[in-house]
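Comments concern the structure below.
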Amino acid sequence: MTDLLKGLNAEQKLAVTTREGPVLVLAGAGSGKTKVITVRMAYLMLWGVKPENILAMTFTNKAAGEMKERVAGLVGKDKAKLLTVGTFHSFCVKLLRAHAAAAGLAPNFTICDASDQIAAVKGALRELRIGEASIQPSVLQGRISLMKNKLMSSDGFLASAADDQDELVGRAWKMYEEHLRRARTVDFDDLLLFTLQLLRTNERVRAELEQRFRYVMVDEYQDTNGPQYEIVRLVAGRHKNLCVVGDDDQSIYGWRGADVTKILSFDKDFRGAKVVRLETNYRSTEPILAAANAVIAHNPDRHAKTLRSAIGKGEDVVMLRGDDEVSEADTVARQIGELVRLTRAQFSDFAVLFRTQTQPRAFEEQFRLRAIPYVLIGGMSFFDRKEVRDVLAYLKLAHNPRDEVAFLRVVNCPPRGIGRGSIDKAVEIATQHGISTVQVFETPELAAELPAATVDAVRAFRNQLSVFAADPGEALVGWMRQLLEAVNYRAEVDRAYLEPKLREERWQGVLEILDLAENHVRRTRKASLSTFLEALTLDAEDSRDDGKVKHKDAVTLMTLHSAKGLEFERVYLVGVEEGILPHARSVAEDTVEEERRLMYVGITRAKRHLTITLTKTRSKYGTRVESHPSRFLYEMKGEKPPKDWKAAGSAAPAVRVTEGGQRTRKKKSSKRSAAVDLPHKDL
DNA sequence: CATGAATTTTTTTTT
DNA sequence: AAAATTCATG
């Protein structure tokens with residue numbers, strides 16, 4: 001036992017050894033948060049707690065995996081395997097599958113991902129004859145999701161609708177809901193809400209969980225939203241052995257309904273909670289922490305704390321300003337290349353962190369140009385590709401024939417002579433009768449209203465699929481091959497991509513899904529179609545680079561959001577400009593404080609070297625626009641912005657500079673020298 | 001109904 | 001600039 005606690009400071013020890021009762025660990029960045037949780041689990045087991053009785057909730061699968069691995073290192077694989085460690089969402093899916101009937105769900109319910117949700121929202125708008133001009137589908141989807149995460153119901157929302165726009169949202173929301181129910185589908189938010197409902201109404205299930213999970217831990221508690229909080233409260237309600245770990249300065253999911261005040265009021269919700277503060281940073285050097293502290297100090301309403309470095313002195317934070325995004329990326333690529341060549345630095349020591357998904361493009365290009373290996377995290381590109389989505393839809397449809405979104409996606413891919421017009425009509429009939437579109441074709445009276453040729457075509461299609469109705473279990477891969485063969489998916493690829501090279505590439509994408517399936521079957525106990533689909537929708541990223549590139553020596557490219565919880569020897573924080581960080585929309589919506597926390601998260605990822613970059617001009621929507629240093633940079637340096645400085649959201653529009661076309665691309669060498677000028681002059 | 005051209009929109013962040 | 005959507009034609 002003394003071994004376990006060795007290397008922990010006094011506060012960390014306190015957090016670990018307080019086994020009973022509620023504990024709140026306020027853990028600054030790099031203060032050994034993960035260490036506390038993992039050692040705590042090991043410590044509990046040392047005191048005779050069975051691993052089956054421990055539950056740990058994380059926000060990403062990556063964090064869950066890392067946690068499991070670290071506990072395994074402490075107590076051994078066999079014991080660690082018996083722990084329940086996972087994301088809220090995966091925990092909920094398991095529970096809902098086990099108690100589908102009690103939760104009011106079909107046993108074969110499917111989960112729709114982000115783009116399925118958009119498709120469903122669009123469908124709802126169309127049925128209500130609301131033009132997409134009056135509200136953007138993505139905006140509508142966001143609002144629905146936010147409401148749900150604030151534990152509001154569609155009826156409640158509609159009843160309190162203040163204006164026409166709210167009314168419209170409310171009606172669309174109800175239609176969207178109906179849509180999902182009919183298709184036997186749930187969205188991400190529903191996973192939490194159905195679980196909550198189940199725990200509230202079903203005494204037996206709740207008692208079972210309460211009894212089983214005598215010790216509950218929650219990582220990144222500052223990002224817990226309403227439903228998640230309630231679930232935790234119910235599960236940990238009896239034993240109250242709840243340990244939550246978080247940092248209010250790193251709360252960056254407010255837009256998803258996360259409620260920062262929860263971490264500030266924890267000791268009120270759980271009386272007698274012990275509060276432990278971890279303020280010693282074991283990750284970064286003094287200059288990096290000084291920068292972080294300077295920025296975050298500008299946020300009011302926070303648990304005041306100052307991180308102290310246990311590392312000590314180090315290199316200053318460097319700032320670079322490039323002419324444009326190409327030169328910015330070029331400079332970073334060149335530096336990384338040189339450092340790896342001339343020093344002991346490895347590619348995997350580096351991370352490039354950015355705010356939005358459009359930023360990595362230039363970096364990918366430059367990295368490829370200089371043959372610098374990189375991994376783009378979360379780029380979603382793979383699962384957004386048409387052929388991948390199609391195949392996924394086929395799988396979902398086989399699993400749940402009423403999955404509306406999947407059905408509509410693939411009925412006519414490859415073309416089966418089922419046109420847009422007939423399908424629209426079928427959807428309309430389905431809406432009138434409150435059934436799914438597929439059912440229209442199964443009901444002779446209703447099908448009679450549609451063109452006979454279409455009906456026959458759909459029937460033939462359904463017959464093709466009915467062969468695959470049964471879950472193949474571990475024989476998944478062969479089954480998938482047969483399915484693709486049966487529906488002649490190759491024809492769709494050939495049709496959509498005329499160029500042979502592209503064709504081959506896209507077909508490779510299809511084959512890659514087969515690889516994923518094979519990996520999944522190999523690694524998963526009791527693998528089946530439904531476990532595979534869950535793995536794909538819930539941890540898309542992880543399953544992708546699994547087995548393949550896990551330990552590749554490569555630079556990491558990712559968003560600030562996905563960087564939370566990670567650390568790197570050398571960090572490039574790029575595009576630190578008004579309009580990007582803080583994002584223009586955050587300025588408009590008055591949520592700059594959350595952006596500041598994002599900046600803080602970015603800075604504190606760096607262990608030894610931090611470089612902040614920005615540009616002079618940047619192309620936006622295809623035109624070149626002048627960029628301005630982020631306000632956070634002035635805050636960091638303790639300076640006042642110049643008089644002519646303009647905030648991103650201010651009324652003055654961004655200035656157009658030039659329409660620089662090919663010119664920028666050719667003169668690479670001349671640009672290089674210009675790229676590196678210290679912004680002290682500019683700032 | 002399918003195809004390619006013309007048009008329009010797009011950029012927050014994620015389970 | 002690229003992607004998505006709508007339009008016009010066979």
Side-chain angles (χ1 to χ4, degrees), chain A residues 57-64 86-93 111-115 117-118 122 132-133 136-139 141-142 145-146 149 186-192 220 223-225 227-228 251-258 325 353-362 377-380 384-386 412-423 451 453-454 457 495-496 498 534 536-542 558-564 575 579-589 591 594-595 597-598 601-602 618-625 648 659-661 665:
Chain A
M57 300 284 211
T58 63
F59 273 79
T60 63
N61 293 289
K62 206 171 208 160
T87 63
F88 275 99
H89 294 267
S90 62
F91 174 80
C92 290
V93 176
I111 305 160
C112 55
D113 61 27
S115 45
Q117 285 181 52
I118 293 292
K122 280 184 186 167
E132 288 184 12
Q136 252 170 48
S138 59
V139 171
Q141 193 274 324
S145 173
L146 188 60
N149 282 321
V186 295
D187 64 21
F188 286 124
D189 308 321
D190 287 335
L191 291 175
L192 303 173
E220 309 283 13
D223 289 326
T224 307
N225 65 23
Q228 290 168 331
S251 161
I252 54 177
Y253 284 96
W255 50 274
R256 217 171 71 184
E325 68 275 12
L353 307 182
F354 44 84
R355 174 72 236 263
T356 70
Q357 290 292 4
T358 49
Q359 288 171 265
R361 266 217 187 114
I377 306 284
M380 275 301 290
D384 268 347
R385 284 155 65 171
K386 172 184 152 49
N412 208 30
C413 292
R416 300 187 173 87
I418 304 164
R420 177 77 183 269
S422 320
I423 286 295
T454 310
R495 187 195 66 81
L498 297 172
E534 258 147 43
L536 284 183
T537 36
L538 286 178
D539 49 74
E541 279 138 56
D542 300 349
M558 65 181 155
T559 64
L560 288 164
H561 281 88
S562 32
K564 193 177 59 159
I580 296 179
L581 184 64
H583 194 275
R585 227 159 126 173
S586 298
V587 176
E589 286 164 18
T591 53
E594 184 153 307
E595 299 287 302
R597 291 193 287 265
L598 215 37
V601 166
R618 183 180 289 277
S619 94
K620 205 176 180 188
Y621 297 128
T623 50
R624 197 139 285 283
V625 163
E659 305 275 328
R665 204 142 271 161

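Residue numbering restarts at 1 for every chain, and letters A, B, ... go by the order of the sequence lines.
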Worksheet item: Which heavy atom in G602(A) sits nearest to a heavy atom in L353(A), and how many Å separate them?
Response: O-CD1, 4.0 Å

Worksheet entry | Of F88(A) and P451(A), the one whose closest DNA chain B nucleotide lies more 5' | P451(A)

Worksheet item: Taking atom P of dT15(B) as reference, at what distance in whole Å does atom CD1 of I111(A) sit?
Response: 14 Å

Worksheet item: So, do Q228(A) and F91(A) sit near enough that their side-chain heavy atoms are less than 4.5 Å apart?
Response: no

Discussion item. Please confirm whether the shortest side-chain N or O distance from Q136(A) to OP1 or OP2 of dT10(B) is below 4.0 Å.
Written reply: yes

Worksheet item: What is the distance from CZ of R355(A) to C1' of dT11(B), rounded to the nearest Å?
Response: 10 Å

Worksheet entry | Nucleotide nearest R585(A) (side chain, heavy atoms from C-beta), chosen from dT13(B), dA2(B), dT11(B) | dT11(B)

Practice prompt. Would you indicate what S422(A) reaches in the nucleic acid, counting non-hydrogen atoms under 4.0 angstrom: base, sugar-phosphate, or nothing?
Written response: sugar-phosphate

Practice prompt. Indicate, yes or no, whether a donor-acceptor pair under 3.5 Å links the base of dT12(B) to the side chain of H583(A).
Written response: no

Discussion item. Output the rounded distance in Å from CD (Q141(A)) to P (dT10(B)).
Written reply: 15 Å

Discussion item. Once salt bridge (Lys or Arg N to Asp or Glu O under 4.0 Å) is applied, do any residues pair with R361(A), and if so which ones, sequence neighbours excluded?
Written reply: none

Worksheet item: In whole angstrom, what separates K564(A)'s NZ from dT12(B)'s P?
Response: 20 Å

Worksheet item: Is there ring stacking between W255(A) and dT13(B), where the centres must be under 5.5 angstrom apart and the planes under 30 degrees?
Response: yes

Item to complete: Whole angstrom is fine here: how far is it from CZ in F354(A) over to C1' in dT14(B)?
Response: 13 Å

Practice prompt. Quick one: label T454(A) by what it contacts on the DNA or RNA (base, sugar-phosphate, nothing), any heavy atom closer than 4.0 Å.
Written response: sugar-phosphate

Practice prompt. Would you mind classifying the nucleic acid contact of T559(A) as base, sugar-phosphate or nothing, using non-hydrogen atoms under 4.0 angstrom?
Written response: sugar-phosphate

Worksheet item: D113(A) near the nucleic acid: base, sugar-phosphate alone, or nothing, with a heavy-atom cut-off under 4.0 Å?
Response: nothing

Fill in: Test side chain to side chain contact (heavy atoms under 4.5 Å, CB included) applied to T87(A) - qualifying residues, sequence neighbours left out
T58(A), N61(A), H89(A), S90(A)

Fill in: Test side chain to side chain donor-acceptor pair (under 3.5 Å) applied to E595(A) - qualifying residues, sequence neighbours left out
R355(A), S586(A)

Discussion item. Please confirm whether the shortest side-chain N or O distance from Q357(A) to OP1 or OP2 of dT10(B) is below 4.0 Å.
Written reply: no

Worksheet item: So, is N225(A) near the phosphate of dT15(B), with a side-chain N or O under 4.0 Å from OP1 or OP2?
Response: no

Worksheet item: Out of dT10(B), dT13(B), dT12(B), which has the shortest distance to the side chain of H561(A)?
Response: dT13(B)

Worksheet item: How does protein contact run along nucleotides 2-10 of chain C, one letter per nucleotide 5' to 3', with B for base contact, S for sugar-phosphate only, - for none, heavy atoms under 4.0 Å?
Response: ---S-----

Practice prompt. Would you please confirm or rule out a distance under 4.0 Å between OP1 or OP2 of dT15(B) and any side-chain N or O of T537(A)?
Written response: no

Worksheet item: Quantified in whole Å, what is the P atom distance between nucleotide dT11(B) and nucleotide dT6(C)?
Response: 16 Å

Discussion item. When you measure from the side chain of R597(A) to the backbone of S251(A), do you find a donor-acceptor pair of N or O atoms at a distance under 3.5 Å?
Written reply: yes

Discussion item. Please pick, from dA2(B), dT15(B), dT14(B), the nucleotide with the shortest atom-to-atom distance to any side-chain atom of T87(A).
Written reply: dT15(B)

Fill in: Rounded distance (Å) that lies between atom P of dT10(B) and atom CD1 of I118(A)
11 Å

Worksheet item: Which residues pass the ring pair (Phe, Tyr, Trp, His ring centres under 6.0 Å) test with Y253(A), sequence neighbours left out?
Response: W255(A), H561(A)

Worksheet item: Mind checking what makes side chain to side chain donor-acceptor pair (under 3.5 Å) contact with D189(A), not counting sequence neighbours?
Response: S145(A), N149(A)

Worksheet item: Could you state the OH-P distance from Y621(A) to dT9(B), rounded to the nearest angstrom?
Response: 12 Å

Discussion item. So that I can compare with my own list, what are the stems of DNA chain B, taken as at least three consecutive Watson-Crick or G-U pairs with distances under 3.5 Å?
Written reply: B:1-10 with C:1-10

Worksheet item: P414(A) versus R416(A): any side-chain heavy-atom pair under 4.5 Å?
Response: yes

Worksheet item: Starting at CG of N412(A) and ending at C1' of dT3(B), how long is that distance when rounded to a whole Å?
Response: 13 Å

Practice prompt. Just jot down the ring pair (Phe, Tyr, Trp, His ring centres under 6.0 Å) partners of F354(A), sequence neighbours excluded, or say none.
Written response: none

Item to complete: Please name all residues satisfying side chain to side chain donor-acceptor pair (under 3.5 Å) with T356(A), sequence neighbours left out, ordered by chain then number.
Response: T358(A), Q359(A)

